[in-house]
Amino acid sequence: NGSRGISDNFIDKFISAFSLSQIDLFHNEGSLTERKIIPLIPLEAFAGYPAEQFNDMPIEEYYQINEFSNADFLIRVKGDSMTPKYNGGDLVACKKIQEITFFQWHRIYVVYTKSQGIVIKRVEPAPTEDCIELVSDNPAYKPFLLKKEEIDDIAIVLGAVTLE
């Protein structure tokens, strides 16, 4: 009757009983004001993150941000290598790249590398075709070359929710 809220425990049981995800439960397909729910994933979850399947992923939170309706996920920036553009704690909206056919030079990507883990960097052309150059916006961090074969996963950054 609306006199009490629904507990998280009840929601978890409901989701489990009907084999739903939180997206299924909270995303109303028939709504005229339909908005995409974007999951915030922890950094560790980026590797192998499937854009279309959320059920088995650790999700920190869900957001509805109209400006990022084509984003697959949000991820939190760690560190200061991309300041002043992005600061530690900012949330970047990302579109997962399923197959790398080309790079949008000078754009910022979240790259999961075999040797360096997850990095958020600007992608630039390298002197050789088998590499890309990853560049920080913070001049205290030197650019470095990354062999394309070192890329396990990649997403382009569409924008950010910036903290003050």
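Just so you know, these numbers come straight off a predicted model, no measurement behind them.
In this structure, Cys94 and Ala155 approach most closely via the heavy-atom pair CB-CB, 3.8 Å. Counting all heavy atoms, side chain and backbone alike, Phe68 lies closest to Ala160 at CZ-N, 3.6 Å. A pairwise comparison of heavy atoms in Ile65 and Ile38 identifies O-CD1, 4.2 Å as the closest pair. When all heavy atoms are compared, the tightest approach of Lys121 to Met82 is CA-SD, 4.0 Å. The heavy-atom pair separating Asp72 from Pro39 by the smallest distance is O-CD, 3.5 Å. Among all heavy-atom pairs drawn from Lys95 and Asn70, the shortest one is CD-O, 3.0 Å.
Using modelled atom types and a 3.5 Å distance limit, the side chains of Asn138 and Ser136 yield no donor-acceptor pair. Looking at Tyr141 and Asp80, their side chains do bring a donor and an acceptor atom within 3.5 Å of each other.
Cluster annotation: Ile100 is connected to Val119 through the hydrophobic network of ILVMFWY side chains, with a link wherever side-chain heavy atoms come within less than 4.5 Å. Linking ILVMFWY side-chain heavy atoms closer than 4.5 Å, directly or via other members, places Leu146 and Val135 in two distinct hydrophobic clusters.
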For Phe103 and Ile154, run side-chain contact (heavy atoms from CB on, under 4.5 Å): C-alpha distance rounded to whole Å, both residues' side-chain angles, the deciding distance at 0.1 Å, then the answer. CA-CA 11 Å; Phe103 288 97; Ile154 191 162; 3.6 Å; yes
Please assess Trp105 against Ile132 for the test side-chain contact (heavy atoms from CB on, under 4.5 Å), listing each intermediate value before the final yes or no. CA-CA 10 Å; Trp105 303 124; Ile132 57 174; 4.1 Å; yes
Under the criterion side-chain contact (heavy atoms from CB on, under 4.5 Å), I'd like the reasoning laid out for Val92 against Ile120: C-alpha separation, chi angles, the key distance, then a yes or no. CA-CA 10 Å; Val92 292; Ile120 299 175; 4.3 Å; yes
side-chain contact (heavy atoms from CB on, under 4.5 Å) assessment of Val111 paired with Ile151: CA-CA 7 Å; Val111 183; Ile151 299 171; 4.1 Å; yes
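Side-chain contact between Ser115 and Glu150 is present, with heavy atoms from C-beta onward closer than 4.5 Å. In this structure, Leu74 and Tyr63 have side chains that are in contact, with non-hydrogen atoms separated by less than 4.5 Å. The shortest side-chain heavy-atom distance between Ile156 and Lys96 does not fall under the 4.5 Å cut-off. Residues Leu40 and Leu91 meet the side-chain proximity criterion, which asks for heavy atoms closer than 4.5 Å. Using a 4.5 Å heavy-atom threshold, the side chains of Ile118 and Val110 count as touching.
Asp153 CG to Tyr109 OH: the interatomic distance, rounded to the nearest 0.5 Å, is 13.5 Å. Separating the CG atom in Asp152 from the OG1 atom in Thr113 is a distance of 8.0 Å, to the nearest 0.5 Å. Within the model, atoms CG of Asp130 and CD of Glu149 stand 7.0 Å from one another, a figure rounded to the nearest 0.5 Å. Note that CG of Leu134 is 4.5 Å distant from CZ of Phe144, once rounded to the nearest 0.5 Å. Taking CZ from Arg76 and CD from Glu61, the interatomic distance works out to 9.5 Å, rounded to the nearest 0.5 Å. Taking OG from Ser81 and NZ from Lys142, the interatomic distance works out to 14.0 Å, rounded to the nearest 0.5 Å.
Ion pairing of Arg122 with Glu133 is absent here, as no side-chain N (NZ or NE/NH1/NH2) approaches a carboxylate O to less than 4.0 Å. A salt bridge does not link Lys85 to Asp90: none of the charged nitrogens lies less than 4.0 Å from a carboxylate oxygen.
Around CD of Glu129, the count of heavy atoms belonging to other residues, nucleotides or ligands within 6.0 Å does not exceed 12.
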